[in-house]
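Notes for the one structure printed next.
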Amino acid sequence: MDFASMDRRQLTLAGAGFSVMATMHFTSQLVSNHLFYWKNPKEQKAILIIILMAPVYAANSFVGLIDIGGSKPFFMLLDSVKECYEALALAKFLALMYSYLNISMSQNIVPDEIKGREIHHSFPMTLFQPKKTHLNQRTLKLLKYWTWQFVVIRPICAILMIMLQITGMYPAWLSWTFTIILNLSFSLAMYSLVVFYHVFAKELEPHKPLTKFICIKGIVFFCFWQGILLDILVKMGYIRSHHFWLDTEHVEEAIQNVLVCVEMLLFSVLQQYAYHVAPYSGDVESKLKLQKKRD
């Protein structure tokens, strides 16, 4: 491959393509390790769904980069696929934390040693919940519902947004309405995960929950805030289109897709540490059991 003869677009596609392939490599390596040491299906199913978030985002962004001149409904569809998978990953992350703590909501199993713990809510949740409450079956279900509501709301909004965009009935005020609804829904889901982590930080410490959470939150954080930053740069005139066949909005979308492709490579490497197969391969698993007995 002669890089010297490539133009800027071809070099960008080559770099993004390499990032996607590398992301696929690291993720498939981790997936194959978990499948080889398939000892805890409940936990490892959740882990597989979470670690596939990076390649889903990378492949999705690469498709958008190839079809750089796609229509608005097409790019909206790509964004919806990413965000719907993000919602599923958040729900599976909470399910994974429940599994670590031997909590089963379907069978109403809550270990006695964690019942009665204090949960301190902060503003604005104190407008709807007591500032201090105690952990029980009801509060655990509430945290679960707060997470899963995003899994339901995100696909519904995605379908409505795409249909309205195709039919041409998608004014700016409606776009902002959907944005506000989705951000409130996402914030509630993230809040429930943060509360859950603070309540069970000590019990979850051996499982490196913070690193696991960063893998999800980092992907969402970068994709969302860099999108906001690119919007600002477009409005300020720093990002412009120098092609008559490509408007500024498509250039902004292309930059976002390139950044996501590169970032997913970094997160796929981080996941090698956060979701390592060691707890299921024998040695680490026995050490964790021994530590629990000592505690």
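Small disclaimer: the values here were computed from a predicted structure and weren't measured.
- Rounding to the nearest 0.5 Å gives a distance of 8.5 Å between CE of M163 and CD1 of I159.
- For the pair S99 (side chain) and L96 (backbone), a donor-acceptor distance under 3.5 Å is absent.
- Taken from OH in Y85 to OH in Y57, the straight-line distance is 10.5 Å, to the nearest 0.5 Å.
- Under the 4.5 Å side-chain criterion, counting only non-hydrogen atoms from C-beta, F36 is not in contact with V277.
- Pairing each heavy atom of C261 with each of T23, the nearest pair is O-OG1, 4.3 Å.
- At distances below 3.5 Å, not a single donor-acceptor pair connects side-chain atoms of K212 with backbone N or O atoms of M97.
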So V20 and M264, side-chain contact (heavy atoms from CB on, under 4.5 Å) or not? Walk me through it. CA-CA 8 Å; V20 174; M264 292 310 105; over 6 Å; no

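- When all heavy atoms are compared, the tightest approach of E203 to P206 is O-CD, 3.3 Å.
- Summarising the geometry of C215 relative to Q271, their closest heavy-atom pair is SG-CG, 3.8 Å, with the distance given to 0.1 Å.
- No donor-acceptor pair closer than 3.5 Å links the side chain of S61 to the backbone N or O of A58.
- Taking CG from L30 and OH from Y273, the interatomic distance works out to 14.0 Å, rounded to the nearest 0.5 Å.
- Side chains of L270 and T211 form a contact here, defined as non-hydrogen atoms less than 4.5 Å apart.
- At least one donor-acceptor pair under 3.5 Å links the side chain of T167 to the backbone N or O of L164.
- Put simply, I156 and M169 are part of the same group of oily side chains (I, L, V, M, F, W, Y) that touch within less than 4.5 Å, one to the next.
- Without hydrogens or angle criteria, S281 side chain to A278 main chain gives a donor-acceptor distance under 3.5 Å.
- Using a 4.5 Å heavy-atom cutoff, the side chains of M190 and F150 are not in contact.
- M24 and A59 make their closest contact through CE-CB, 3.8 Å (heavy atoms, listed as atom of the first residue, atom of the second, distance).
- Applying the ring pair (Phe, Tyr, Trp, His ring centres under 6.0 Å) test between F196 and each of F93, F213, Y98, Y100 identifies Y98 as the sole match.
- With rounding to the nearest 0.5 Å, the separation of CG in L182 from OG in S80 is 8.5 Å.
- In this structure, H121 and T133 approach most closely via the heavy-atom pair NE2-CG2, 3.9 Å.
- By the rule that hydrophobic residues join a cluster once side-chain heavy atoms approach within less than 4.5 Å of another member, Y145 and L193 end up as members of separate clusters.
- Atoms CZ and CZ, on F26 and F267 in that order, are 15.0 Å from each other to the nearest 0.5 Å.
- Of all non-hydrogen atoms in N183 and T179, the two that sit nearest each other are ND2-O, 2.7 Å.
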I'd like to know whether L13 forms a side-chain contact (heavy atoms from CB on, under 4.5 Å) with F62, so could you lay out the CA-CA distance, the side-chain angles of the two residues, the decisive distance to 0.1 Å, and finally the verdict. CA-CA 8 Å; L13 282 173; F62 190 67; 4.3 Å; yes

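- In this structure, W146 and Y191 have tilted ring planes: the angle between them lies in the 30° to 60° band.
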Could you walk me through whether Q129 and I119 satisfy the side-chain contact (heavy atoms from CB on, under 4.5 Å) test, starting with their C-alpha distance in whole Å, then the side-chain angles of each, then the deciding distance to 0.1 Å, before giving a yes or no? CA-CA 11 Å; Q129 293 289 320; I119 297 177; over 6 Å; no

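- If you chain together hydrophobic residues whose side chains sit under 4.5 Å apart, F18 and V262 never meet in one group.
- L265 and L259 end up in different hydrophobic clusters when Ile, Leu, Val, Met, Phe, Trp and Tyr side chains are linked at under 4.5 Å.
- Rounding to the nearest 0.5 Å places NZ of K132 at 6.0 Å from NE2 of H120.
- No side-chain heavy atom of M125 sits under 4.5 Å from any side-chain heavy atom of V195.
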Using atom types as modelled, flag every donor-acceptor pair under 3.5 Å from a side chain in residues 44-56 to any protein atom, sequence neighbours excluded.
{"residue": "Q44", "atom": "OE1", "partner": "K39", "partner atom": "N", "Å": "2.9"}
{"residue": "Q44", "atom": "OE1", "partner": "N40", "partner atom": "N", "Å": "2.9"}
{"residue": "Q44", "atom": "NE2", "partner": "H34", "partner atom": "O", "Å": "3.3"}
{"residue": "Q44", "atom": "NE2", "partner": "H34", "partner atom": "ND1", "Å": "3.1"}
{"residue": "Q44", "atom": "NE2", "partner": "Y37", "partner atom": "O", "Å": "2.9"}

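- Tracing side-chain contacts under 4.5 Å through hydrophobic residues (I, L, V, M, F, W, Y), one reaches Y197 starting from L140; they form part of the same cluster.
- Here the rule is side chain to side chain contact (heavy atoms under 4.5 Å, CB included) with F186, and of L90, I153, I181 only L90 fits it.
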